[in-house]
Structure formats: C-alpha cells, structure tokens
Amino acid sequence: MDTGTPDAGIPDAGASDAGTLDGGGPPPEASLRITEINPDVPQDLIELVAITGGTLTGISLQELTNSDFAFTFPQGYTVETGAVLVLHLGGSCTDAPGNPAACGQTPPFSASAWDFSMPGSLSYSGKVFELLSSKGAPVDGVPFVRASGEMPTNLVAAETSP
C-alpha cells in the first residue's frame, strides 16, 4: 500500500499497486535457480525455483555442450517468490498464464508447480546448463557428467542461495 508520497516526482493516489511499478510498468524480472536435472523415462525434467518473484518473460535455459537444447519462457507468466517451475522435455502440456494447475495433477504434472513442456530429451553424456536473464546475462549454471550413462545412485541438491 502506498502512502501517497511522491515517487520520482510523480504523486500517486495512495492505492495499492497490485504488482506493477508506479506509472503502470511491468513487474520486475523473477530471479530463478536450477534445483534439479532429472533425465528419466518416460519424461526428462528440469526444475527451477523462483528466488524472487516476478515476470518470466525472456528468461532462458540452454545446454552448452553437445545439443541444441534451449528454452525461453514465453510472455504472460508471472510467479511468486518460492514458486517451482518444471520443464518437461517431451511433455504434452504447458500451464496457462495465471493458472499453475492447468495441466492437472496426473504425473508427471503437478498442481503445486508451474509446468512447461517442450520437445527434446536429456542424456548423461556430459551437460552444462546455463540460465540466462532476459537480457542474456548468466544467472545460474549446472554441469553434470556420468561417464557410464547410468542413472546416478544418489542426487546432489543444487545450491539455491542467490
């Protein structure tokens, strides 16, 4: 709730801003972190968490080593701090903007996470994933290698602090 004081020389009416910047601008960009990479049958998954809420527009994830994997979040999605986002490679559903439960609760989809589907698959041939802001600046990265090509027997959690 604003107190009615001037912002940057422009007084406002003192009403709640409802998530926009004074002057009607868009919300700030969300800050995301990669928290899980899970190559698995029947569907590969990449999980991210919003460290701070905001718009997802233009944030991208790309694999840097040996594939053409790249995903850019489309316009219209805004998330709260703590929101979980799951990229389903080879999936069949993407939640609608404003409705994180649109894909339902039938696995691998979840009503408690934002689901995004795209073509593609993962392997254990050695990967480096880089998360980029909408302006192309690196914000997070995760390398992983499994020389045998087998599922790891244990998982290591990615650091989620900014």
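When a residue number appears, it is its place in the shown sequence, counting from 1.
- Note on residues 95-114: pairs passing ring-ring contact (aromatic ring centres under 6.0 Å, His included), not counting sequence neighbours, are Tyr77-Trp114, His88-Phe109.
- Among all heavy-atom pairs drawn from Ala111 and Gln105, the shortest one is CB-CG, 3.5 Å.
- The one candidate from Val49, Leu56, Asp140, Val139 that meets the side-chain contact (heavy atoms from CB on, under 4.5 Å) condition with Leu32 is Leu56.
- Thr35 places a side-chain N or O within donor-acceptor distance of the main-chain N or O of Glu47, the cut-off being under 3.5 Å.
- Between Ile37 and Phe129 there is a side-chain heavy-atom pair separated by less than 4.5 Å.
- Between the CZ atom of Arg33 and the CG atom of Leu85 there is a distance of 13.0 Å, given to the nearest 0.5 Å.
- For the atom pair CG of Asp115 and SG of Cys103, the computed distance is 5.0 Å after rounding to the nearest 0.5 Å.
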(Q) Quick one, Ile46 with Val86, criterion side-chain contact (heavy atoms from CB on, under 4.5 Å). Give me CA distance, side-chain angles, the key distance, then yes/no. (A) CA-CA 6 Å; Ile46 300 172; Val86 180; over 6 Å; no
Practice task
List the steps, then state whether side-chain contact (heavy atoms from CB on, under 4.5 Å) holds for Leu132 with Gln62.
Solution key: CA-CA 8 Å; Leu132 304 170; Gln62 59 186 357; 3.2 Å; yes
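- Panel note: side chain Ser31, backbone Thr52; no donor-acceptor pair is recorded below 3.5 Å.
- Side-chain contact annotation: Glu29 with Thr55, donor-acceptor N/O pair under 3.5 Å absent.
- With a 4.5 Å cut-off on side-chain heavy atoms, Phe73 and Leu87 count as touching.
- A distance-only check finds no donor-acceptor pair linking the side chain of Asn38 to the backbone of Leu45 [under 3.5 Å].
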Q.
Run the side-chain contact (heavy atoms from CB on, under 4.5 Å) test on Leu61 and Thr72 for me, step by step, so that the C-alpha distance in whole Å, both residues' side-chain angles and the decisive distance to 0.1 Å come before the verdict.
A. CA-CA 6 Å; Leu61 180 72; Thr72 301; over 6 Å; no
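- With hydrogens and angles disregarded, no donor-acceptor distance shorter than 3.5 Å links the side chain of Thr94 to the backbone of Phe116.
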Practice prompt. Any chance you could lay out the side-chain contact (heavy atoms from CB on, under 4.5 Å) test for Leu131 and Val142, step after step, and finish with the verdict?
Written response: CA-CA 9 Å; Leu131 186 63; Val142 175; over 6 Å; no
